[in-house]
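Heads up: the structure comes next, in structure tokens.
Lettering follows sequence order; numbering is per chain, from 1.
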2 protein chains.
Amino acid sequence: MTVSRVLRTPDKVRPETCRRVQAAIRKLGYVPDEAAGALSSRRSRIIGALVSTLGGSFFASTVDGLSQTLREQGYQLLLATTNYTPEIEADSIAAMLARRPDGLVLTSTQHTDMANRLLKRARIPIVELWELPEAPIDSAVGFSNRAAGNAMTEFLADAGHKGIGFIGRSSPFDRRGQLRRAGYKDALAARSLHAPRVASVAGLGDDPSAGASGLAHLLMRWEDTTAVFCASDSIALGALSEARRRGLRVPDDIAIAGFGDFEMASENGLALTTVRVPGFAIGEEAARLVLRRGNGEATHKRIVDLGFQIVRRMTA
Amino acid sequence: MTVSRVLRTPDKVRPETCRRVQAAIRKLGYVPDEAAGALSSRRSRIIGALVSTLGGSFFASTVDGLSQTLREQGYQLLLATTNYTPEIEADSIAAMLARRPDGLVLTSTQHTDMANRLLKRARIPIVELWELPEAPIDSAVGFSNRAAGNAMTEFLADAGHKGIGFIGRSSPFDRRGQLRRAGYKDALAARSLHAPRVASVAGLGDDPSAGASGLAHLLMRWEDTTAVFCASDSIALGALSEARRRGLRVPDDIAIAGFGDFEMASENGLALTTVRVPGFAIGEEAARLVLRRGNGEATHKRIVDLGFQIVRRMTA
DNA sequence: TTGAAAGCGTTACCAA
DNA sequence: TTGGTAACGCTTTCAA
């Protein structure tokens, strides 16, 4: 009826009628059924997002940014966590596709064949986050983890360090961590410094204990290490606490740099020297991009580089 | 047709037919439309969740738990962030209701009148999280913030402290923080210790700088303060760093306790004495509860107390 | 500017 | 065990 018009295109209806309808809506407590609308119009106004986990600080702000921007545009967010498991991701993608979302946002970089097939067939905008893939499925928003790893290592080298270690996870699913490590290695090679000194800590998820054992490992194996670059601020915190336990002064005896610029890294917290990455902005931009592409604006840049920033504080 | 049965109730169909249908499904790449199913069956298999923000560590793990448990049960999660704004919450509730979710999960405790009306009328299970309200809208999963605040203050008093301060936010929307503070005051009164020593820091969201300025304020106003209880671990980190700046030994000169047991508080991180709260478990239990209530099992407990735990580490 | 009719892709219900 | 038919509550399209 006319009700639909009042709700979707109020200007196509006579003001008087409009008011009458709205009054009725209020009186009856009518809430339109978007599911029926979606079925009929073939637009769901839903965007799906897949993240490995919300813990660990990396993606939480991105989901915040996504959610906020989508809401402002009248869209809703369907969220699934994959727990770093490609099979769960594939299942979740299938489940989401069954809701006919107007777009999909992914933070993982490894997909099963099944997942790739589903994504291809879906014919909706797909945005990959937190990296700049060479061959994106559709489009991407993020920054170069490799360049970031490189930049921080260069920063440490510029500060005069001759022995620079790296602490990260060894998980094969942590593609981004591997890229940061690759950037670290690039820098060492470019400076002809020394062979890579890497402490790879087993397990998923960053946590401080990885930093503690990583620093211990590094210091035992390469005594002249004077700086460490950690793949996340959580790891850096662990390294910091291990250094303190050993009576090492930071940054004089050992410089420590993190990654992520989590809240705890701030001036009044750890005062951690780190790499700031635009987590929230990635979410906002992903929302805009997925909606634009959904509107058929295929002319836009497919890969958006939001950059990163070295933040110098007290630990390096 | 029979396809629907093969998908929903495979046991109601002859194995042979079942196989043929499944083969066809694969060959055609058929993905059922859940929206249409929802419209027809009046069950959407969607649960909506509203959180103030994912940043700040408190709710991220709860959403992880929710998402994981819902997925296991074949449900999906519609997520919205309200940015601590009751009006946004009300809008988001309306938007979610338009999707006909089978249940709603809320982390905020303040709702606008409009929101309350909508919630009442919805006739779906509503689960409130992270507190034990005296009069829940429907049901709740959490723990007593007041009891937790009380317990930590008692812990500090038991350790012999005679001057105990509290640092928290002053935001009126932070109901839970106020309850923790109330618990702190209860304990002081029960011990006949001293009048409350509260540093209320303006602003939304916990962050370390609140802890830094809070500690400075406390120490200036009440010189004989030897312990502070912070409304979150982030605040505690700020207090810790301020103490360090002042050359104060922790816990000898000043004991510092946090709240939340965030990752950074762990043994290899800050080694922070804190209150552990079951964030992930709240999410899991909320998922189970909302689904059970949706199945008409109205007999279950409406308020689930998951408790908390004082974790004694190195700072108090 | 408004209304009537025909779907959208499922599931519920009833026959066969 | 299977298939036909009628909703479910919208939007689209077309006619008035």
Side-chain angles (χ1 to χ4, degrees), chain A residues 1-46 48 73-76 78 94-103 118 121-124 294-296, chain B residues 1-46 48 73-76 78 94-103 118 121-124 294-296:
Chain A
M1 9 197 182
T2 306
V3 179
S4 177
R5 264 183 290 255
V6 172
L7 260 27
R8 299 290 181 202
T9 50
D11 37 318
K12 296 265 178 203
V13 81
R14 188 153 47 95
E16 152 67 12
T17 317
C18 198
R19 266 192 301 277
R20 270 173 45 220
V21 172
Q22 280 169 340
I25 286 179
R26 248 192 305 279
K27 200 167 65 187
L28 302 175
Y30 168 75
V31 180
D33 187 328
E34 291 275 3
L39 180 61
S40 175
S41 67
R42 307 171 148 285
R43 300 187 65 226
S44 61
R45 294 176 174 274
I46 282 184
Q73 305 290 331
Y75 279 71
Q76 284 178 280
L78 203 54
M96 285 199 166
L97 256 19
R99 298 284 172 191
R100 304 293 185 262
D102 292 338
L118 289 169
R121 268 222 279 264
R123 312 197 151 281
I124 53 173
N295 288 335
Chain B
M1 8 199 186
T2 306
V3 179
S4 177
R5 262 183 291 252
V6 172
L7 261 27
R8 297 292 181 202
T9 52
D11 39 316
K12 295 267 177 201
V13 82
R14 188 154 47 95
E16 152 68 12
T17 318
C18 198
R19 265 190 302 279
R20 270 173 47 219
V21 172
Q22 280 169 340
I25 286 179
R26 248 191 305 279
K27 200 167 65 185
L28 302 175
Y30 169 75
V31 180
D33 187 328
E34 291 275 4
L39 179 60
S40 176
S41 68
R42 306 169 148 287
R43 302 186 63 225
S44 61
R45 296 177 174 274
I46 281 183
Q73 306 289 332
Y75 279 71
Q76 285 177 279
L78 203 54
M96 286 200 165
L97 256 20
R99 299 281 172 192
R100 304 293 187 262
D102 291 339
L118 289 169
R121 266 223 278 265
R123 311 198 152 282
I124 53 174
N295 288 335

Query raised in the report: Which residues satisfy the salt bridge (charged side-chain N to carboxylate O under 4.0 Å, His left out) test with Asp33(B), sequence neighbours excluded?
Result: Arg100(A)

Query raised in the report: Given axes from five pairs at either end, by how many degrees does the helix from dT1(C)-dA16(D) to dA16(C)-dT1(D) bend, rounded to 10°?
Result: 30°

Requested in this report: Starting at atom CZ of Arg100(A), determine the distance to atom P of dG9(C), rounded to an integer number of angstrom.
Outcome: 8 Å

Query - Any Arg42(B) side-chain N or O less than 4.0 Å from OP1/OP2 of dT10(C) - result: no

Report task. Could you state the atom-to-atom distance from CG of Leu7(B) to P of dA12(C) in whole Å? Result -> 13 Å

Query raised in the report: Taking C-beta and beyond as the side chain, do Arg121(B) and Leu97(B) meet within less than 4.5 Å on heavy atoms?
Result: no

Query raised in the report: What integer distance in Å separates Arg45(B):CZ from dT10(C):P?
Result: 15 Å

Query raised in the report: So, the side chain of Ser41(A) versus the backbone of Gly37(A): is there a donor-acceptor pair under 3.5 Å, distance only?
Result: yes

Query raised in the report: Roughly how many Å is it from CZ in Arg43(B) to C1' in dT11(C), rounded to a whole number?
Result: 12 Å

Query raised in the report: Under a 4.5 Å cut-off applied to non-hydrogen side-chain atoms, are Leu7(B) and Pro32(B) in contact?
Result: yes

Requested in this report: Identify, with sequence neighbours excluded, every residue that meets salt bridge (charged side-chain N to carboxylate O under 4.0 Å, His left out) alongside Arg8(B).
Outcome: Glu34(B)

Report task. Could you identify which residues of residues 13-40 of chain A place a heavy atom less than 4.0 Å from some atom of DNA chain C, listed by residue number, or say none? Result -> Val13(A), Arg14(A), Thr17(A), Leu39(A), Ser40(A)

Report task. Please work out if Arg5(B) contacts a base, only the sugar-phosphate, or nothing of the nucleic acid, heavy-atom cut-off 4.0 Å. Result -> base

Output a table of donor-acceptor pairs, distance under 3.5 Å, between side-chain atoms of residues 10-30 of chain A and any protein atom two or more places apart or on a different chain; print 'none' if there are none.
none

Query raised in the report: How would you list, by chain and number, every residue that makes a side chain to side chain donor-acceptor pair (under 3.5 Å) with Arg43(A), sequence neighbours excluded?
Result: Tyr75(A)

Report task. Tell me, please, which residues at least two apart from Ala95(A) pass side chain to side chain contact (heavy atoms under 4.5 Å, CB included). Result -> Gln76(B)

Report task. Could you check which of dA12(C), dG3(D), dT11(D) has an atom nearest any side-chain atom of Thr2(B)? Result -> dG3(D)

